[in-house]
Number of protein chains: 2
Amino acid sequence: MALLGADVRLTPHRREVFEVLASSTDHPTATDVFDRAKVRSPGISLATVYNCLEHLTSAGLIKQVHLERGQSRYCANLHEHVHFHCETCGKVIDAHPAADFDPAKFWNLPKGTKVTRMDIAIHGTCDACAQKDL
Amino acid sequence: MALLGADVRLTPHRREVFEVLASSTDHPTATDVFDRAKVRSPGISLATVYNCLEHLTSAGLIKQVHLERGQSRYCANLHEHVHFHCETCGKVIDAHPAADFDPAKFWNLPKGTKVTRMDIAIHGTCDACAQKDL
DNA sequence: ATTAGAATTAGAATGATTCTAATATCTCAT
DNA sequence: ATGAGATATTAGAATCATTCTAATTCTAAT
């Protein structure tokens, strides 16, 4: 299977890990993925989950997200998007940019700089938590 | 000393850690700060450096930056800026936004969401490394 | 069927950070 | 100035996420 990057042999475990992510919208961590994958692939190990996540990431099938220190999170949403992170409940929500958004032009990067990727994380309080805090 | 957040008592170690950061533009990690602080404060311990970094961060005097997994980095540049991270040499460069830039309006965040902070990391290759790769 | 190259595994090792419990130091009311 | 209580600092242990290692199993092409 090749989409954006190198090929990956789609072994049963890699497929399982990919499907867990494809059916999750909550940006699970490696251990979250492990717990969910075990339901249908009881023998899978955490080491294999890490290994699968790494291969799927470098093949461009999933993305690794760093929102805060601690565990990395993963997502299978390949559309350009940013992450909203609720600092109260920890929830992560994908937000999609307006059609005419061209982020690179807003910053004065040194001449010669090549951009390959942009990580945008917006931190704050989600609607539900904002209500509670009142 | 109070600037943006809670007060911090500015003890000699905290001042030293702050000054190390204020005189660095390379976004040092905790151990980098530890090494530099030892020059003038030989007795300081890594635990104290972590402690100082945490207090200074929550007082709003410095910022913690997460560009990749592994060590956190810290910076004392409180102006609004984004980080360019060279994936080849690891260098981090601050880039400042155009005056009229209002990032929040570009994303459709759910109604009721409150934004407190935005982390923007641009990954790629810096000019120097791009030259070498040719 | 045979075999080289991947994939998978359990468990050990690592690296960054956080915790703990014991001093040391500071601040403030006396 | 003095002593009590609060805060800061320390070394080292503990934790957590991840990566590594070495052994085993699977796969796909001869």
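Below, chains carry the letters A, B, ... as their sequence lines are ordered, and counting in each starts from 1. Basis for what follows: all heavy atoms, side chains included, without hydrogens, waters or symmetry-related copies.
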Which comes earlier along DNA chain D counting from the 5' end, the contact point of B:Arg69 or that of B:Asn51, where each point is its nearest nucleotide?
B:Asn51
Quick one: which of C:dA10, D:dA8, C:dA7 gets closest to the side chain of A:Ala47?
C:dA10
Nearest-Å distance, CG (B:Leu46) to P (C:dG15)?
14 Å
B:Arg40 atom CZ: more than 12 heavy-atom contacts under 6.0 Å:
no
NA contact type, B:Thr48, heavy-atom cut-off 4.0 Å: base, sugar-phosphate, or nothing?
base
To the nearest angstrom, the CD-C1' distance between B:Gln71 and D:dA17 comes to 14 Å
Using Watson-Crick or G-U wobble geometry with both distances under 3.5 Å, which nucleotide pairs with C:dA29?
D:dT2
Starting from P on C:dT20, measure out to OH on B:Tyr50 and report it in whole angstrom.
17 Å
Which whole-number value in Å describes the distance from B:Glu54 CD to C:dA16 P?
19 Å
Are A:His27 and A:Asp94 close enough that a side-chain donor and a side-chain acceptor fall under 3.5 Å?
yes
Does any pair with a residue in residues 115-134 of chain B pass ring-ring contact (aromatic ring centres under 6.0 Å, His included), and if so which ones, sequence neighbours excluded?
B:His85-B:His123
When you measure from the side chain of A:His13, which nucleotide among C:dT8, D:dA11, C:dT17 comes out closest?
C:dT8
Can you tell me the pairing partner of D:dA13 across any strand shown, Watson-Crick or G-U wobble, with both distances under 3.5 angstrom?
C:dT18
In whole angstrom, what separates B:Asp32's CG from C:dG15's C1'?
14 Å
With a 4.5 Å cut-off on side-chain heavy atoms, are B:Val17 and B:Val33 touching?
yes
With heavy atoms under 4.0 Å as the rule, sort B:Ser72 into base, sugar-phosphate or nothing.
sugar-phosphate
